[in-house]
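Data first, discussion second: the structure below is written as structure tokens.
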There are 2 protein chains.
Amino acid sequence: MAFGGDHENDGHMHGEVNRRAKTRRPTMVDVAREAGVALRTVSRVVNDDATVGAELARRVHDAIAALGYRPDERARHLRLGVTGTLGAAVRQLSHVNPVLRAVERAARAADLMVLAASTEDDERLERRVVESMCRRRFDGIVLEPIGADHGYLLPELAAGLSLVAVDRPVLGLDVDCVISDNAAGIRAAYAHLAGYGHRRIAYVGDDERIFTAQERATAFRACAAEAGAALDGMVHTGPIERARIADAVATARGRGATAVITGNATISVEVVRALPDRDTAIVGFDDSELATLLRPDLTVVAQDDQAIGSTAIDLLRARIADHSRPVHRVTVPVELLARGSGEQPPPA
Amino acid sequence: MAFGGDHENDGHMHGEVNRRAKTRRPTMVDVAREAGVALRTVSRVVNDDATVGAELARRVHDAIAALGYRPDERARHLRLGVTGTLGAAVRQLSHVNPVLRAVERAARAADLMVLAASTEDDERLERRVVESMCRRRFDGIVLEPIGADHGYLLPELAAGLSLVAVDRPVLGLDVDCVISDNAAGIRAAYAHLAGYGHRRIAYVGDDERIFTAQERATAFRACAAEAGAALDGMVHTGPIERARIADAVATARGRGATAVITGNATISVEVVRALPDRDTAIVGFDDSELATLLRPDLTVVAQDDQAIGSTAIDLLRARIADHSRPVHRVTVPVELLARGSGEQPPPA
DNA sequence: CCGGGGTGAGATAACGTTATCCCGAAAGGT
DNA sequence: ACCTTTCGGGATAACGTTATCTCACCCCGG
């Protein structure tokens, strides 16, 4: 048995696939000849133009079916000047990315197709991807920008590219963007933990060269300063590595930390992994499916992915419609979801 | 200072974005006029044709820079007949999908751009996405097929579409595909648990209308039959709902199950959630980041995502090169990774 | 019976590239 | 000095659509 299980009854068998050898694909001209009508009439039929008579329309449809004609959008887009396509350049397609999902949804509602590609957190690859989308004349691009130097975007923007940045701004360039209110999220987390009596609160975050990581760490330091709390051994930022995070957690606890705020979902996982017992309170940044797998469930600062995605599409469509409109930078509120891990008081 | 710190120097400020009002984009003709050369010469320069003199090349480059000329791939693709683009139609872009990642990587190595879109597990949306990619004349499509009726693919294939299915075959259609050896994976899991003394082994899987779920459940039944084990209350398939899975786990344990094999990563999470204590052995299908978060770490049947992805691209490229070559259906081996949850014997 | 307006359909010119030819000039050989 | 070869570069025709005209035709009022 080759495949495990026999599936003869599964699908309606469609029979052999007829793979034509090397013959050119039929075009509108061929359809016109076959139907005995003018080229323009075929175009009219394909585009559901009402001004074509029923008899001719039928003949054209028959010819299309007989020849297996498939319209070519490349020519259509070239002629029209518009592609009806948005590009999404995100860090990793194959990672959890609720914002991308919302972007796809919102674009579909606006009858735009989203085609996405990964930038793999590599500046050069981001550039390749974005420039490629530009050359393809996508109507607009949703970008999750990485790195610092986005100078390559300048000529594209000047040439008419419509762009919106999500999650982070494009540093040094004045373009539309949608970001979460990172500072408010950290403040909410800090206040939440403080409200339960915590005085020594630690922060474990991502590499501060990353914009969001920098914003969140800065906000944390500001919270501590405002609360009059010392920062010695309480702030740990750097790359996401298990050993580093385990170390950070150990150090913080050694200095008397009774609660931890994390910088993102991945770090939350590692922090939970590194905590030997359950007596340290945690508030994680970013919601995730894992949050409710832990015990107690993880209290998180959740971003409003839906709002971010649909706002991004709104901004992009507005930019496409009016390329010289003023730049908008939208900050989307976040929400603290109390689930248990952030509501335990410090041990007496 | 290694990381962190001040970022004032990070982004070279690029100043104001010069958003041109409504002027037409410059084309090769404009560049040719500006440089005082023929259209064809500009094309040569853009395509790095060696037959163009240094002086003229410089003049053309200057003109390109002066006008801000950006080549239009739509016209290029139309003229060339190929797009250098592969489409990837997957169930959810924004979910963990290591195969897609491998596909992107392999395609990049072959100098092909991958543009991906979600089908959202919706047959109609899958059709819209695939047909859209066909009309855009993508050179090939990687499809994670859903549903049963893929008849709409027939005319596209006849018209010259190159397609490869991953994870599941296109039922009823004879097209290239790459799938994991699901049956072998289940057999390995079963033998592994049996080897540790388990006699009552349960299976909790996905809806059997899904191809992989059906294959895995079938293989499990075959294993049980071969081992002479009764199946009463041991096989639970259906939609992924927390309540259903909790129920399934409770039933199985009630019937004396000492070990559980799961149908995929999501189900593994729910099974772990539903197990009140740690005395039931588990082997999960699909590896995931969560696997090593649990205690004990989860023993899993891991798919070889890298192999699946690169094989898919290989098949697709071969199909593009020779459209009438014989169809290949590749089965990729899976690997059992023992991490602890599958090595505990039944309670005495 | 004729002219005018509406209407369905065809010829033709774009859209922005690349490929096929062809030509003019420079170089080299006798 | 002239013929041949080479080679850089220019005119022009595709690629497969859609948009702009134009035109033939029909219907109807005057």
Side-chain angles (χ1 to χ4, degrees), chain A residues 22-61 63-64 67-85 132 134-139 159-160, chain B residues 22-61 63-64 67-85 132 134-139 159-160:
Chain A
K22 198 58 190 177
T23 107
R24 197 177 54 82
R25 289 177 107 114
T27 84
M28 275 193 174
V29 184
D30 302 314
V31 174
R33 192 183 322 111
E34 172 86 8
V37 300
L39 170 59
R40 184 70 181 91
T41 304
V42 179
S43 172
R44 275 191 258 259
V45 171
V46 169
N47 292 44
D48 292 320
D49 191 322
T51 71
V52 66
E55 160 62 11
L56 280 197
R58 194 190 51 73
R59 262 164 54 199
V60 169
H61 278 126
I64 287 177
L67 297 179
Y69 165 74
R70 316 263 98 190
D72 186 331
E73 292 270 346
R74 292 173 299 188
R76 179 158 199 276
H77 293 332
L78 175 60
R79 178 65 235 238
L80 257 48
V82 169
T83 57
T85 311
S132 180
C134 287
R135 283 195 301 269
R136 280 165 217 274
R137 293 291 187 273
F138 284 2
D139 292 347
Chain B
K22 198 56 187 177
T23 110
R24 197 178 52 85
R25 288 178 108 113
T27 84
M28 275 194 175
V29 185
D30 302 315
V31 175
R33 193 183 322 110
E34 172 84 9
V37 300
L39 170 59
R40 185 68 181 90
T41 303
V42 178
S43 172
R44 276 190 256 259
V45 171
V46 169
N47 291 45
D48 291 320
D49 191 322
T51 71
V52 65
E55 160 62 13
L56 280 196
R58 194 190 52 73
R59 259 163 58 198
V60 169
H61 278 125
I64 288 178
L67 296 177
Y69 165 74
R70 315 265 97 192
D72 186 331
E73 292 271 348
R74 292 173 300 187
R76 179 158 201 275
H77 294 331
L78 176 60
R79 178 65 234 240
L80 256 47
V82 284
T83 55
T85 312
S132 181
C134 288
R135 283 194 302 269
R136 279 158 219 264
R137 293 292 188 272
F138 284 1
D139 292 346

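Letters go in sequence order (proteins before strands), and every chain restarts at 1. Quantities reported herein were computed from a predicted structural model and do not represent experimental measurements.
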Look only at the side chain of B:R137 and the backbone of B:T83, and say whether a donor-acceptor pair between them is shorter than 3.5 Å. no
Closest nucleotide among C:dA11, D:dT17, C:dG16 to the A:A38 side chain: C:dA11
Position toward the 5' end of DNA chain C (nearest nucleotide), B:R44 or B:L78: B:L78
Below 3.5 Å, does any donor atom in the side chain of B:R79 face an acceptor in the base of C:dT17, or the other way round? no
Taking the side chain of A:R24 as heavy atoms from C-beta outward, which of C:dG10, C:dT18, D:dG16 is closest to it? D:dG16
Take the protein atom CG of A:L39 and the nucleotide atom P of D:dC21, then report the distance between them rounded to whole Å. 18 Å
Rounding to a whole Å, what distance do you find between B:L80:CG and C:dG16:C1'? 13 Å
Please check if any side-chain donor atom of A:T85 sits under 3.5 Å from a side-chain acceptor atom of B:R136, or the reverse. yes
Atom-pair distance (CG on B:N47; P on C:dG16), nearest Å: 17 Å
Is the distance from OP1 or OP2 of D:dT17 to the nearest side-chain N or O of A:S43 less than 4.0 Å? no
Which of C:dT17, D:dT17, D:dA11 is nearest the side chain of A:V29? It is D:dT17
For C:dG16, take OP1 and OP2 only and decide whether either is under 4.0 Å from a side-chain N or O of B:R74. no
Just by distance, do the side chain of A:R44 and the backbone of A:T51 share a donor-acceptor pair under 3.5 Å? no
Give the rounded distance in Å between these two atoms: CD of B:E55 and P of D:dC7. 21 Å
From the set D:dT17, C:dG8, D:dA11, return the single nucleotide nearest to any side-chain atom of A:T51. C:dG8
Check the distance between C:dG8's P and A:R59's CZ and give it to me in whole angstrom. 16 Å
What's the CG-P distance between B:D49 and C:dT17, to the nearest Å? 17 Å
Among the candidates D:dT18, D:dA14, D:dG16, find the nucleotide nearest to the side-chain atoms of A:M28. D:dT18
Of the listed C:dG16, D:dA11, C:dG10, the closest approach to the B:R40 side chain comes from D:dA11
B:A75 has a side chain; which of C:dG16, D:dG9, C:dA9 sits nearest to it? C:dG16
Take the protein atom NE2 of B:H77 and the nucleotide atom C1' of C:dC15, then report the distance between them rounded to whole Å. 16 Å
Give a yes or no on whether a salt bridge exists between A:R24 and A:D30, defined as a side-chain N under 4.0 angstrom from a carboxylate O. yes
Determine the contact category for B:V46: base if any of its heavy atoms lies under 4.0 Å from a base atom, sugar-phosphate if only primed atoms, P, OP1 or OP2 are that close, otherwise nothing. nothing
For the side chain of A:N47 and the backbone of A:D49, is there at least one donor-acceptor N/O pair under 3.5 Å apart? no
Here the distance between atom P of D:dG10 and atom CG of B:L56, to the nearest Å, is 6 Å
